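One structure is given below, encoded as structure tokens.
Note that this is a predicted model, so its numbers are computed, not measured.
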Amino acid sequence: MAKSLTDEAIDRIREFVRSGRFPAGSRLPPEHELATELGISRSPTREAVKALALARVLEVRRGDGTYVTSLAPSLLLEGLGSAVSLMESSVLELTEVRRLLEPAATGVAATRITDAELRTVAELLDAMEEAVEDVERLTVLDAAFHRAVVTATGNETLTALLDGISSRTLRARIWRGTVDRGVTHETLSQHKAIYDALAGRDPAVATAAALMHVDTSERWLRAHLADFPNLEDG
């Protein structure tokens, strides 16, 4: 299928950005000049600019013009986690993806985590211990703990993906803590094992500890999802 003129305009503008013709922070020519440079009419050029603004490649400043953004990975990947959170995947599928990705990420984090990042993880672990009787707060802190670990990998793509998955599985994790109150102490123990492996900078142990933790959650979901079908809503 032939590309539309809008798609062509998007590709051309992206290439201009990649090549440095329009570097990060630069202002694009006015619409009519840009359309002339692209060799494409103004209407598809305008639509291309809108699409690239949604993708955070461009920023339209009313009354000032259109600029290339900073192109920072965190900005460009901003929509990735949101896209995952809107997908129709089941909570079990997402938990399976989490099991495939998060242990490996935890192992990488063990080789890269800084002292400051390790302190953040320790503070979240302490907060979890204090919130042991508050399931919802404990679960939110649980998610923050894992995000801090994944952030320590320095891989923003991975962080965005796992953020999206975490937001979709949060409700199921709260239900697990509510229904199975004994699980909170097991959860804390597993998080402590992850922290100890990170503190020891041991990637193999960190990977194994994270795998055990996520696998425990997945097995519980598989055993109880039929009893709580509304967990599939997110």
For this session: Treating Ile, Leu, Val, Met, Phe, Trp and Tyr as nodes and any side-chain heavy-atom pair under 4.5 angstrom as an edge, say whether Val132 and Leu125 lie in one connected cluster.
Result: yes
Problem set entry | Ser189 side chain to His185 backbone, donor-acceptor under 3.5 Å | no
Problem set entry | Glu47/Lys50 ion pair, N-O < 4.0 Å | yes
Exercise. Does Arg112 use its side chain to pair, donor to acceptor, with the backbone of Thr153 at less than 3.5 Å?
Worked result: yes
Problem set entry | Side chain proximity check, Leu138 to Leu188, heavy atoms < 4.5 angstrom | yes
Exercise. Arg98 versus His146: any side-chain heavy-atom pair under 4.5 Å?
Worked result: yes
For this session: Indicate yes or no: at least one non-hydrogen side-chain atom of Ile13 is less than 4.5 angstrom from one of Leu34.
Result: yes
For this session: Determine, step by step, whether Arg119 and Asp115 satisfy the salt bridge (Lys or Arg N to Asp or Glu O under 4.0 Å) criterion, reporting the C-alpha distance in whole Å, the side-chain angles of both residues, the deciding distance to 0.1 Å, and the verdict.
Result: CA-CA 6 Å; Arg119 282 194 296 274; Asp115 290 343; 5.4 Å; no
Exercise. Hey, does Thr207 have a side-chain heavy atom less than 4.5 Å from the side chain of Thr106?
Worked result: no
For this session: Kindly write out the residues that satisfy side chain to side chain contact (heavy atoms under 4.5 Å, CB included) with Ala144, not counting sequence neighbours, or none if the list is empty.
Result: Leu124
Exercise. Heavy atoms, side chains only, cut-off 4.5 Å: are Arg14 and Leu52 in contact?
Worked result: yes
For this session: Report yes or no: does Arg137 contribute a side-chain atom to a donor-acceptor pair with the main-chain N or O of Val135 at less than 3.5 Å?
Result: no
Seminar exercise, completed: Hits for side chain to side chain contact (heavy atoms under 4.5 Å, CB included) against Gln190, two or more places apart or cross-chain, chain-then-number order -> Glu186, Met212, His213, Thr216
Exercise. Is Thr120 reaching over with its side chain to a backbone N or O of Ala116, donor-acceptor style, under 3.5 angstrom?
Worked result: yes
Problem set entry | Worked check of side chain to side chain donor-acceptor pair (under 3.5 Å) between Arg147 and Thr151 | CA-CA 6 Å; Arg147 189 184 194 285; Thr151 298; 3.3 Å; yes
Problem set entry | For Ala51, all residues meeting side chain to side chain contact (heavy atoms under 4.5 Å, CB included), sequence neighbours excluded | Ile10
For this session: Answer yes or no: is there a side-chain heavy-atom contact under 4.5 Å between Arg201 and Ile113?
Result: yes
Exercise. Hey, what do you get for CZ (Phe22) to CG (Leu58), rounding to the nearest 0.5 Å?
Worked result: 9.0 Å
Problem set entry | Arg222 bridged to Glu96 by N-O distance under 4.0 Å | yes
For this session: Could you tell me whether Glu37 and Arg21 have a side-chain N and a carboxylate O separated by less than 4.0 Å?
Result: yes
Problem set entry | Interatomic distance, Arg27 atom CZ to Tyr67 atom OH [nearest 0.5 angstrom] | 5.0 Å
Problem set entry | Test item: Phe16 and Leu38 side chains (from C-beta on) under 4.5 Å apart, heavy atoms | yes
Exercise. With side chains defined as the heavy atoms from C-beta onward, is the minimum distance between His191 and Val121 less than 4.5 Å?
Worked result: no
